[in-house]
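Worksheet: the structure to be examined is printed underneath.
Convention: sequence-line order gives letters A, B, ...; per-chain numbering from 1.
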There are 2 protein chains.
Amino acid sequence: MSTAEVHRGSSGFANGRALRPSAKSLPEHARGHNRSLVLQTLYGAGTLSRADLARATGLTRVTISDLVAELMVEHLIVETGQRDEARPGKPATMLDINRGGYQIVGIDLSDYAVFRGAVLDLDGVVLERVEVPLDGATGPQATAKVVALAERLVAAASVPLLGIGVGSPGVVDLSGTVLSAPNLGWPSNGAGEPLQATLAAATGLPVIVANDANAAALAEHSFGGALSDMMLVKVGHGVGAGLIIGGTPLFGSRFAAGEIGHVVVGTDGGAACACGKVGCLETWLATPRLDAALAAAGDGTPEADAEREAILRCAGERLGIALAPVVGALDLAEVVLSGPVELLDGPLAEAAIETLRSRTMPTFHGNLVLRMTALGQDIVMRGAAAMVLSAQLGVS
Amino acid sequence: MSTAEVHRGSSGFANGRALRPSAKSLPEHARGHNRSLVLQTLYGAGTLSRADLARATGLTRVTISDLVAELMVEHLIVETGQRDEARPGKPATMLDINRGGYQIVGIDLSDYAVFRGAVLDLDGVVLERVEVPLDGATGPQATAKVVALAERLVAAASVPLLGIGVGSPGVVDLSGTVLSAPNLGWPSNGAGEPLQATLAAATGLPVIVANDANAAALAEHSFGGALSDMMLVKVGHGVGAGLIIGGTPLFGSRFAAGEIGHVVVGTDGGAACACGKVGCLETWLATPRLDAALAAAGDGTPEADAEREAILRCAGERLGIALAPVVGALDLAEVVLSGPVELLDGPLAEAAIETLRSRTMPTFHGNLVLRMTALGQDIVMRGAAAMVLSAQLGVS
DNA sequence: CATGTTTGTTAGTACACCGTACGAACAAAC
DNA sequence: GTTTGTTCGTACGGTGTACTAACAAACATG
């Protein structure tokens, strides 16, 4: 299960941002970039010949052969036989990412009651699933539970692992240290919970830890067909968001990008929030509040149904009010919702997009799309896997 | 006045975004990057020896000598004599950007009544200023006025020009085509006003055209000491914004990033806007509306003064309400205001920051800064110059 | 004056990519 | 069955970039 040759880590998550301002550039960096380019092209297209890759990338067939040879030594690319269709000329030997040769562990710490984990293949398909009840564990106990879950999943993998990705609630810096996750009691010491370092030491594998909503946004971009300028809003016990700007995750000046749960919405009051303010987005949208309001409305009678719909529409309006300035400022192309389908997908989403449309400039933002994610419950785990793909292979 | 050797265009504005996903990378790109790195380091530090540059960049003295020789042939770097201080070892020959060897033309089309232009040196200092009354020109007439202004400024330059930068109102794509600027009657044909191409053809110089608020944001980042995650709000006849994210300008999915003037603010109505909606940010903040409201409040008496202050505070609150979700979502470190000082700097700015603080999470965004720009009226022209520096030299 | 330090250059090496050329393997046409 | 043209993948030589090693020049310091 040695993955020693696969620690290249080229673009995206590993480096944080695309180019640090004062960093020299060497020819070998170009090589790494082109390596990733080959992998990325092959990853997207499925199966191509060397000549196809040359045409797609703009590199020459010679260079492609060289890169492919290097990647085949590392077992990242395999030959899959000759092309099926009959064409004039020498038949092409087809190549593909070694999709069965590596697996990824993805872990989702965002639920308030359970830690979820899975073994995934390189396409982000869940192969094996493990859930661990949280049982109120915080601080070091929570850390121990994460390590144990990771080790179980590592043992469950049937082929070498590319790495471990973790989506954690709270504020996570670029080194994978959780700076603040109150629900999990992190950091238990003062400085920050170095989850990435802890897991790397425990497993000996490459590890990437990032915010859960950021991971979800990346999943939607990698596997959900989302556009390159997108916001993913994750509704659960809290409300958070992840942003993809120009195809790249956005982290923010203090790694707190997407923390919109405690932004006040509207100018007409609202409910009191645990944070001390009044009318935070979470007081309108968080699932416990919504569930309670819906339960109070009753069920069965037409009046109750109407009231339930009004509650959901109101929540959607608040979401739209909060998002309108963000959509306007960032010129987003798409907003994706993640969370309980029965709450979000319906009057809430409809009211949200109507409100967004009525509060932004149609000339600029008319073709804005708002939709539910199609990735369901697995979104954070799959995003964690996408983080590993991005960091280890430069594939996004 | 030949500048034929200086068309390299490395990072930042010329490419739009840092790395396009499917673009090969060659060793010569690394060379270009390191060229820019040398210029950038020298630009920021003022004057350094080759050995200093080697230490600062991480490249070897040999490579630095090679790069410096190339840049000296292009007259972008000059030797400024030996180091003053007495130190052991061979005395160092100091280098600097050829600050007097090139100039830049910056043009500001954002004012509703005049086109402003200037010849600037490489540090963004205005050397010569030209203003042209707009006289209601629109469409082709406006274009002709811009071309004439550019030609006047080109003639006024005393040394070779690095290029021409233009900050235009409206939506401008990455090729410098104005897609929509209603006040100037652009585009006059259907497709878009290709201002960058027109000016390049007329002058034979490199030209960069971008949105005025984006240019202003870049000016603040390059010359105003702004942080790397910043929003600049430009208040005038309209309200627009420019965003710097991770040190890079943000353009948005339809090149409309920063267009927040027609985002509805609050949930309690407001004045009718020309766009058809009610309560747009412009109805609270645009200078004609503010001036009218202040004039109606009167002057001199204590009551009038109090009312004037209340009007300004109210505008500031609205700005804070609109910006809170953006600050939260992007985790901005700084918000900078540009526009009439007598309106913005005072109760308005104070109310804005107070509102922002009360509507966001102090844990995340507590040390947010809101301030006036120190660049005054010249901000767009200087931003246009910064665009040229970024596109031609990779300096930002 | 001898010694050590710093600077900038020369010489040689490693690496990455390109252009050209070539053999291999096939389809189509005769 | 042969010829022709096409496509594929590889071999070779060349160019560009940056590195290490070595060195002469110029200076401060003891």
Legend entry - Modelled atom types, side-chain donor and acceptor of A:Ser49 and A:Asp52, under 3.5 Å: yes

Inset, instruction - Could you tell me whether the phosphate oxygens of C:dT7, OP1 or OP2, come under 4.0 Å of any side-chain nitrogen or oxygen in B:Arg55? - result: yes

Please table the atom pairs, donor to acceptor, closer than 3.5 Å between any side-chain atom in residues 202-210 of chain B and protein atoms at least two apart or in another chain.
{"unit_1": "B:Thr203", "atom_1": "OG1", "unit_2": "B:Leu199", "atom_2": "O", "d": "2.8"}
{"unit_1": "B:Thr203", "atom_1": "OG1", "unit_2": "B:Leu205", "atom_2": "N", "d": "3.3"}

Inset, instruction - Return the value, rounded to whole Å, for the distance between atom CG of B:Leu37 and atom P of D:dT17. - result: 16 Å

Legend entry - Short side-chain N/O contact from B:Ser65 to OP1 or OP2 of C:dT9, under 4.0 Å: yes

Inset, instruction - Establish whether the base of D:dG9 is bridged to the side chain of A:Arg61 by a donor-acceptor pair shorter than 3.5 Å. - result: yes

Legend entry - Rounded distance in Å - NZ (A:Lys90) to C1' (D:dT6): 13 Å

Inset, instruction - Before accepting this row, confirm whether a basic side-chain N of the pair A:Arg35/A:Glu74 lies closer than 4.0 Å to the acidic partner's carboxylate O. - result: yes

Legend entry - Pairwise side-chain contact, B:Leu39 with B:Ile77, heavy-atom cut-off 4.5 Å (strictly under): yes

Inset, instruction - Would you indicate, yes or no, if D:dT17 has its OP1 or OP2 atom less than 4.0 angstrom from a side-chain nitrogen or oxygen of B:Asn34? - result: no

Inset, instruction - Could you check A:Ser25 against A:Thr93 and say which one's nearest nucleotide on DNA chain D is further toward the 5' end? - result: A:Thr93

Inset, instruction - Using atom NE2 of A:His29 as one end and atom P of C:dC17 as the other, report the distance to the nearest whole Å. - result: 13 Å

Inset, instruction - Report which part of the nucleic acid B:Asp66 touches: base, sugar-phosphate, or nothing (heavy-atom distance under 4.0 Å, all strands). - result: nothing

Inset, instruction - Assign B:Leu59 to base, sugar-phosphate, or nothing according to its heavy-atom contacts below 4.0 angstrom with the strands shown. - result: sugar-phosphate

Legend entry - Nucleotide D:dG16, atom P - distance to CG of A:Leu26 in whole Å: 19 Å

Inset, instruction - Measure from CG on A:Leu48 to P on D:dG9 and round the result to the nearest Å. - result: 11 Å

Inset, instruction - Mind calculating the distance between CZ (B:Arg31) and C1' (C:dA16) to the nearest angstrom? - result: 15 Å

Inset, instruction - Output the single nucleotide from C:dG8, D:dA18, D:dC8 whose closest atom is nearest the side chain of B:Leu67. - result: D:dA18

Legend entry - Ion pair B:Asp123/B:Arg99, N-O distance below 4.0 Å: yes

Legend entry - Check: A:Ser158/A:Gln103 side-chain N/O donor and acceptor closer than 3.5 Å: yes

Inset, instruction - Could you let me know what C:dA27 is paired to, Watson-Crick or G-U wobble, both distances under 3.5 Å, or none if it's on its own? - result: D:dT4

Legend entry - Closest nucleotide among D:dC8, D:dT20, D:dT10 to the B:Val62 side chain: D:dT20

Inset, instruction - Indicate whether OP1 or OP2 belonging to C:dC17 is found under 4.0 Å from a side-chain N or O atom of A:Thr60. - result: no

Inset, instruction - Could you pick out which residue, A:Gln82 or B:Pro91, lies toward the 5' side of DNA chain C when each is mapped onto its nearest nucleotide? - result: B:Pro91

Inset, instruction - Figure out the CG/P separation between B:Leu53 and C:dT7, and round it to whole Å. - result: 11 Å

Legend entry - Among D:dT10, C:dT7, C:dC17, the nucleotide that comes nearest once only the side chain of A:Arg50 is considered: D:dT10

Inset, instruction - Starting from C1' on C:dT7, measure out to CD on B:Glu79 and report it in whole angstrom. - result: 12 Å

